[in-house]
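Note that this is a predicted model, so its numbers are computed, not measured. Whatever order the structure lists ligands and atoms in, that order sets their numbers, starting from 1.
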Amino acid sequence: MSLESLRGAGRPLIEGVHAREVLDSRGNPTVAVTVATSFGAVEEAMVPSGASTGAFEAVELRDDDGARYQGKGVRKAVAAVNDILGPALEGLDVTNQREVDEKLIALDGSPNKAALGANALLGVSIATARAAAASLNVSLFRFLGGPTASTLPVPMMNVINGGKHAQGGLQFQECMIVPLGAPSVSEAVRYGSETFHALGRLLHDAGQPTLVGDEGGYAPRLDTLDQALQLLCKAIEAAGYKVGTEIAIALDPAATEFFQDGKYYPGAKDKAVTADQMVAVYKDVVARYPVVSIEDGLSEDDWDGWSKLTAALGDKTQIVGDDLFVTNAKRLQRGIDGGIANAILIKPNQIGTLTETLDVVELAHQAGYRCVLSHRSGETGDTTIADLAVATGAGQIKTGSLSRSDRIEKYNRLMAIEEELGEAARYPGRDAFAALSRV
Ligand code: PGA
Ligand code: ZN
């Protein structure tokens with residue numbers, strides 16, 4: 001017997017791959033992929049979908065067939081898995097994620113996964129990891145993160161939804177609470193839930209609607225960021241917590257969405273604002289409120305503006321690139337080289353495979369950039385990002401508000417991981433936002 005076949009003996013192999021069309025939390029089609037292995041594991045992954053997508057993201061393949069789901073069907077991506085990607089993987093070692101993902105990338109062959117679809121590739125990639133972990137009878141975070149993975153993430157909880165995720169009028173997409181003073185992730189979830197409900201009561205008493213937006217946060221009628229921040233502070237206090245020390249605040253303005261022809265429109269439609277003025281707004285906000293993190297404060301290609309924003313606030317505030325970096329190593333490298341931002345949002349479907357996602361996390365960590373694992377506004381019950389947050393030791397996660405199962409399932413998964421880790425579990429709290437190593 002050759003050394004190769006000795007090594008191969010007893011390895012779990014991919015036996016079958018199957019995709020189908022399912023719906024996400026907005027009721028739009030998405031891809032579900034099941035991978036079966038020779039060890040009897042059968043595991044499914046479901047792919048999320050964004051609304052405020054970055055222009056530089058990998059391409060999500062849609063059918064464009066107006067007769068079905070307003071053109072949003074994903075039968076082409078499903079066929080790509082069932083006819084091309086799946087058959088090519090049969091017989092491969094399911095635990096060799098890099099080999100699997102490289103094969104997927106080669107079969108697609110395009111620079112941005114436009115040929116077979118990042119939704120097709122990511123579904124297969126994640127189902128492969130899930131099937132590998134199940135074959136080895138270990139948790140996904142353990143399989144991906146190794147024997148020492150034990151850091152739970154501090155959540156940034158999006159309790160006020162604006163921008164493209166809600167109809168309340170607030171242009172700033174996400175106003176989040178960050179329970180960094182909690183002693184554990186389970187307690188962080190409790191702090192968050194209690195504050196979410198306190199906010200609901202405040203809104204109700206003010207005659208505001210308590211309907212929720214795409215990420216399960218309230219969507220009140222607000223005109224200014226200041227109103228939203230004041231509400232958050234009141235809700236934190238009403239829930240019995242100390243503003244700043246126990247629960248801080250994070251923002252994702254998703255500024256690309258209100259950027260046009262070189263100008264920003266964060267308020268009234270006729271009021272244009274420059275990047276310099278936007279930076280001044282954030283400076284003022286950080287001085288007056290305990291804002292520990294600002295994501296996409298400026299538009300996805302406004303590198304000059306980002307440079308000024310980082311220079312103005314980057315030594316004490318986390319500056320996160322989402323649409324700016326799109327979980328893409330090349331764009332992140334440009335940021336690292338230019339000293340732009342100090343953290344990156346990690347969304348696996350922005351790049352299309354798990355291996356590339358993990359490679360970007362490593363690049364970020366090597367450069368002293370923090371990583372925030374993230375959901376999309378269109379989600380499913382898939383909880384992979386919770387395991388990924390622990391596996392990478394990222395220390396932070398963004399997975400929505402404290403309502404709606406598509407958000408809650410990730411929190412429930414984090415609490416299950418914490419219980420599984422027992423004494424070994426570590427919740428970084430404030431350390432997750434401590435001075436960045438590169439500054
Ligand atoms: P998206 O929003 O999933 O709609 O892109 C999330 C975010 O901007 O962080
Ligand atoms: Zn964002």
> Are side-chain N/O atoms of Asn158 and Glu215 paired as donor and acceptor at under 3.5 Å?
Replying inline: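 Yes, side-chain donor-acceptor contact under 3.5 Å.
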> Just checking, any donor-acceptor pair under 3.5 angstrom between side chains of Asp322 and Gln350?
Replying inline: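 Yes, Gln350 and Asp322 have a side-chain donor paired with an acceptor closer than 3.5 Å.
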Does any part of the side chain of [Y], heavy atoms only, come nearer than 4.5 Å to the side chain of [X], both counted from C-beta?
{"X": "Leu363", "Y": "Gln333", "value": "yes"}
{"X": "Ile294", "Y": "Pro253", "value": "yes"}
{"X": "Val243", "Y": "Ile247", "value": "no"}
{"X": "Lys72", "Y": "Pro29", "value": "yes"}

>> Please report the interatomic distance CG(Asp226) to CG(Asp284), rounded to the nearest 0.5 Å.
In response: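 Output value for this atom pair is 7.5 Å.
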> Roughly how far apart are Leu345 CG and Asp296 CG, rounded to 0.5 Å?
Replying inline: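 One finds 8.0 Å between CG of Leu345 and CG of Asp296.
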Starting from the N and O atoms of ligand 1, collect every protein N/O partner closer than 3.5 Å and put each pair on its own line with the distance to 0.1 Å.
residue: ligand 1; atom: 2 (O); partner: Ser52; partner atom: OG; Å: 3.3
residue: ligand 1; atom: 2 (O); partner: His165; partner atom: NE2; Å: 3.4
residue: ligand 1; atom: 3 (O); partner: Arg376; partner atom: NE; Å: 2.9
residue: ligand 1; atom: 3 (O); partner: Ser377; partner atom: N; Å: 2.8
residue: ligand 1; atom: 3 (O); partner: Ser377; partner atom: OG; Å: 3.4
residue: ligand 1; atom: 4 (O); partner: Ala51; partner atom: N; Å: 2.6
residue: ligand 1; atom: 4 (O); partner: Ser52; partner atom: N; Å: 2.9
residue: ligand 1; atom: 4 (O); partner: Ser52; partner atom: OG; Å: 3.4
residue: ligand 1; atom: 4 (O); partner: His165; partner atom: NE2; Å: 2.8
residue: ligand 1; atom: 4 (O); partner: Ser377; partner atom: OG; Å: 2.6
residue: ligand 1; atom: 5 (O); partner: Ser52; partner atom: O; Å: 3.2
residue: ligand 1; atom: 5 (O); partner: Ser52; partner atom: OG; Å: 3.2
residue: ligand 1; atom: 5 (O); partner: Arg376; partner atom: NH2; Å: 2.7
residue: ligand 1; atom: 8 (O); partner: Ser52; partner atom: OG; Å: 3.4
residue: ligand 1; atom: 8 (O); partner: Gln173; partner atom: NE2; Å: 2.9
residue: ligand 1; atom: 8 (O); partner: Asp252; partner atom: OD2; Å: 3.3
residue: ligand 1; atom: 8 (O); partner: Asp322; partner atom: OD2; Å: 3.1
residue: ligand 1; atom: 9 (O); partner: Asp252; partner atom: OD2; Å: 3.1
residue: ligand 1; atom: 9 (O); partner: Glu295; partner atom: OE2; Å: 3.1
residue: ligand 1; atom: 9 (O); partner: Asp322; partner atom: OD2; Å: 3.1
residue: ligand 1; atom: 9 (O); partner: Lys347; partner atom: NZ; Å: 3.2
residue: ligand 1; atom: 9 (O); partner: Lys398; partner atom: NZ; Å: 2.7

> Which word best sums up how the rings of Trp303 and Phe325 line up, parallel for under 30°, tilted for 30 to 60°, or perpendicular for over 60°?
Replying inline: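 Because their plane-to-plane angle lies in the 30° to 60° range, the rings of Trp303 and Phe325 count as tilted.
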> Mind counting the protein N, O or S atoms sitting less than 2.8 Å from the Zn ion (ligand 2)?
Replying inline: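 Near the Zn ion (ligand 2), the number of protein N, O or S atoms below 2.8 Å is 3.
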